[in-house]
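Scope of the values below: all heavy atoms of this structure, side chains included, with no hydrogens, waters or symmetry mates. These numbers come from a predicted model, not from an experiment.
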Amino acid sequence: MADNLAPETEATWIPVRPNTDTAFMLALAYVLAEEELLDRAFLASHCVGFPQFEAYLRGESDLCPKTPDWAAEITGAPAETIRDLARRMASHRTTVNMSWSLQRADHGEQPCWMIVTLAAMLGQIGLPGGGLGIGYGAENLLGSRGRGLPGPTLSQGTNGVSDFIPVARIADMLLTPGGQYTYDGTTRTYADIRLVYWAGGNPFHHHQDLTRLRRAWAKPETIVVNEQYWTATARHADIVLPATTALEREDIGYGTLEEHIVWMSRASEPLAEARDDYAIFSALSERLGVAQRFTEGLDAEGWLRRLYDESRQRMGGEGVDLPEFDAFREQGLIELPPGDGTVMLEDFRRDPEAHPLETPSGRIEIFSDTIAAMGLPDCGGHPMWFAPREWLGAPEAQRWPLHMLSDQPKGKLHSQLDHGATSMATKLDGREPLWMNPADAEARGLAEGDVVMVHNDRGRCLAAAMPDARIMAGTVRMATGSWYHEVDGLEIAGNPNALTADRGASGLSQGAVAQSCLVEVARFEETAPTPAPWSQPAFTSA
């Protein structure tokens, strides 16, 4: 949707069908190769596997050249627009930037791999203003001015359990203990989980197909949650331990690439029986007989002093002098010296032998022998176009003709403080807006503010129609973060994950596929229930 582009950029928006970015980039690469606009010297000195990829690009390996005309049929972008963009990219210093959201789709690894390949073909990786960037829209990442100074951090310790799952496979694990799945070249087995302890996060916000998650959440014998509010995760728990908010405890605020370190003063005493997480875990460690090992004899303030003093010593080694703890607490805010800026992979470009990458070859792997040897049907040895299971070119689009994208909300961070004034100001009658092209709204008889039902085979949810010409026809957009509120099989607050699919992106990553989701939209003809997902459960006032 074009409203994500700041007017100051004077940017040109090329609408493409959702989930077709890899095909679009393949066509750009085809033009670079066909017109010899690529940097073959850089590809030879800093990369491995380009010949195998070029054979695929030209159709020598699969009899399908990845031409702009081929891509136009898939993406909906005009072929001449693709050719013109490729030539412009090769004639200027160019940064190719990718949003994190592209990976959260069927075959989501492919656009990530393809953006690296495209940037490598341009030959500008490691140059100021050139190469690639990922997630520049997120804060405190590459591109921030901070020096990456060593802040206060707890030791991570050693987990006595080596088993794990990709985070997006939670419901699979709970529903199919003993089941097998592939991940990163291995075949793994789901454990039989009897107890879940969840502290931090809200799976009933960020997981897909929440109806399926509800079934999975009922499988363990016990679920314990540390929580500050009555989120859907807390409502589905057996035991809820009330945790303090950031305003009810003292802490230190710092991010690795930030230019300041902050003392976070307590603004009010903890409400009722709420405890901070450290107090909760300290009490549990005492009951388990490991209190000394966990606390090391320190209370919360003792740990803050220790962590700050350790960070103060490490920063001193970097030439940054911090005041002593008590002076820091009194001062409240310390400005840190900024860095000189970072050019990603600058050292690697200058000398790939002295500064190899963390890949088997030490180079940019356009073709990966490691991944190719896995023999996965849905991820080959180099970037490829795989048609998503759900997209506007799929047969299912005849039944579900709109592609739903679920972006990050403007009024809150993920799902935090959904009931707050800032978040509520973005809603209509407590429901998330559903942005759609005016032609799609008119075809369904919808006007601004109408309560609509967004649905597919996985679920139904209510939203408020918001026609806007800046969104591409055939797509709708509903932000994530609305607290899940289900009434008789109908999600009434506008949580898009009532509709998204819970399946792995591929046998390689098993990542989330929230952005691969087809739906239909219709006016909700009944009286719409009033969302109140943050209200206290009835038993709490008994």
**Request:** Might you point out which heavy atoms bring N456 and V519 nearest each other, and give the distance in Å?
**Result:** ND2-CG1, 3.9 Å
**Asked** So do Y181 and P166 actually touch side chain to side chain, heavy atoms under 4.5 Å?
**Response** yes
**Request:** Would you please classify the geometry between the H382 ring and the Y56 ring as parallel, tilted or perpendicular, with 30° and 60° separating the classes?
**Result:** tilted
**Prompt:** Is it true that D62 and K66 have a side-chain N and a carboxylate O under 4.0 angstrom from each other?
**Reply:** yes
**Asked** Should the ring pair Y484 and H236 be called parallel, tilted or perpendicular, given that the plane angle runs from 0 to 90° and is split at 30 and 60?
**Response** tilted
**Pair D192 + K219, salt bridge at N-O below 4.0 Å** = no
**Request:** Look at E396 together with R389 and state whether they make a salt bridge at an N to O cut-off of under 4.0 Å.
**Result:** no
**Message:** Strictly distance-based, threshold 3.5 Å: is any side-chain N or O of E520 a donor or acceptor partner for the main-chain N or O of P401?
**Reply:** no
**Request:** Kindly say whether D351 contributes a backbone atom to a donor-acceptor pair with the side chain of H355 at under 3.5 angstrom?
**Result:** no
**Message:** Donor-acceptor check, side chain of W400 to backbone of L402, threshold 3.5 angstrom: yes or no?
**Reply:** no
**Item:** T211 side chain near R458 side chain, heavy-atom distance below 4.5 Å
**Value:** no
**N/O donor-acceptor pair under 3.5 Å between Q110 side chain and D21 backbone** = no
**Prompt:** Would you call L241 and F281 a side-chain contact if the rule is heavy atoms closer than 4.5 Å?
**Reply:** no
**Prompt:** If you look at every heavy atom in W391 and H403, which pair is closest and at what distance?
**Reply:** CA-ND1, 3.7 Å
**Request:** To the nearest 0.5 angstrom, please state how far the CE atom of M121 sits from the OG1 atom of T117.
**Result:** 8.5 Å
**Asked** Are S101 and D407 side-chain neighbours, meaning at least one heavy-atom pair lies under 4.5 Å?
**Response** no
**Request:** Could you grab the distance from atom CD of E109 to atom CG of D378, nearest 0.5 Å is fine?
**Result:** 7.5 Å
**Spacing of CG belonging to L28 relative to CG belonging to L57, to within rounding of 0.5 Å** = 10.5 Å
**Message:** Tell me whether R17 forms a cation-pi arrangement with F24, defined as NZ or CZ under 6.0 Å from the six-membered ring centre and within 45 degrees of its axis.
**Reply:** no
**Whether F348 and H46 hold their rings parallel, tilted or perpendicular, with breakpoints at 30° and 60°** = perpendicular
**Request:** Could you tell me which non-hydrogen atom of T233 sits nearest to which non-hydrogen atom of P203, and how far apart they are?
**Result:** OG1-CD, 3.2 Å
**Request:** Answer whether the closest heavy-atom distance between the side chains of T480 and H205 falls below 4.5 Å.
**Result:** yes
**Prompt:** Is the backbone of A493 close enough, under 3.5 Å, to the side chain of S482 for a donor and an acceptor to pair up by distance?
**Reply:** yes
**Message:** Counting C-beta onward and ignoring hydrogens, is there a side-chain heavy-atom pair between S415 and T231 closer than 4.5 Å?
**Reply:** no
**CA sep, side-chain torsions, deciding dist, call: F50, L38, side-chain contact (heavy atoms from CB on, under 4.5 Å)** = CA-CA 11 Å; F50 182 71; L38 70 173; 3.5 Å; yes
**Item:** NZ/NE/NH1/NH2 to OD/OE distance under 4.0 Å, D347 and R350
**Value:** yes
**Item:** Check: M472 main-chain N/O paired with N437 side-chain donor or acceptor under 3.5 Å
**Value:** no
**Prompt:** Is the shortest side-chain N to carboxylate O distance from E491 to R214 below 4.0 Å?
**Reply:** no
**Item:** Heavy-atom closest contact (E390 atom, A501 atom, distance)
**Value:** OE2-CB, 4.0 Å
**Request:** Decide, yes or no, whether a salt bridge links D468 with R477 under the criterion of side-chain N to carboxylate O below 4.0 Å.
**Result:** no
**Prompt:** Are any of the side-chain heavy atoms of R188 and F164 separated by less than 4.5 Å?
**Reply:** yes
**Request:** Locate the shortest heavy-atom distance separating D502 from D209; write the atom from each residue and the value.
**Result:** CB-CB, 3.7 Å
**Prompt:** Is T342 reaching over with its side chain to a backbone N or O of M344, donor-acceptor style, under 3.5 angstrom?
**Reply:** no
**Item:** Point-to-point distance, once rounded to the nearest 0.5 Å, from CE of M25 to CG of L85
**Value:** 11.5 Å
**Prompt:** Are R147 and E258 close enough for a salt bridge, meaning some N to O gap below 4.0 Å?
**Reply:** no
**Message:** Nearest 0.5 angstrom please: S423 OG to W483 CH2, how far?
**Reply:** 9.0 Å
**Message:** Is there a side-chain contact (heavy atoms from CB on, under 4.5 Å) between R399 and D457? Walk through the geometry before answering.
**Reply:** CA-CA 10 Å; R399 185 180 178 200; D457 282 333; 2.9 Å; yes
**Request:** Give the C-alpha distance, both sets of side-chain angles, the deciding distance and a yes or no for ring pair (Phe, Tyr, Trp, His ring centres under 6.0 Å) between W217 and F204.
**Result:** CA-CA 10 Å; W217 215 244; F204 278 86; 5.8 Å; yes
**Prompt:** Between W435 (side chain) and A479 (backbone), is there a donor-acceptor pair under 3.5 Å?
**Reply:** no
**Request:** May I have the step-by-step check of side-chain contact (heavy atoms from CB on, under 4.5 Å) for L43 and I366, ending in yes or no?
**Result:** CA-CA 9 Å; L43 291 168; I366 296 173; 3.7 Å; yes
**Message:** As a quick check of understanding, evaluate side-chain contact (heavy atoms from CB on, under 4.5 Å) for I125 and L132, giving each step before the final call.
**Reply:** CA-CA 7 Å; I125 291 175; L132 70 145; 3.9 Å; yes
**Message:** With heavy-atom distances below 4.5 Å as the criterion, would you say the side chains of R87 and L37 are in contact?
**Reply:** yes
**Item:** Considering all heavy atoms, the nearest A33-E54 contact
**Value:** CB-OE2, 4.0 Å
**Asked** Taking S516 for the side chain and D106 for the main chain, is one N or O donor matched with an acceptor at less than 3.5 Å?
**Response** yes
**Item:** Expected output: side-chain D39 to main-chain L122 donor-acceptor under 3.5 Å
**Value:** no
**Message:** To the closest 0.5 Å, what do you measure between CG (D84) and CD1 (I14)?
**Reply:** 8.0 Å
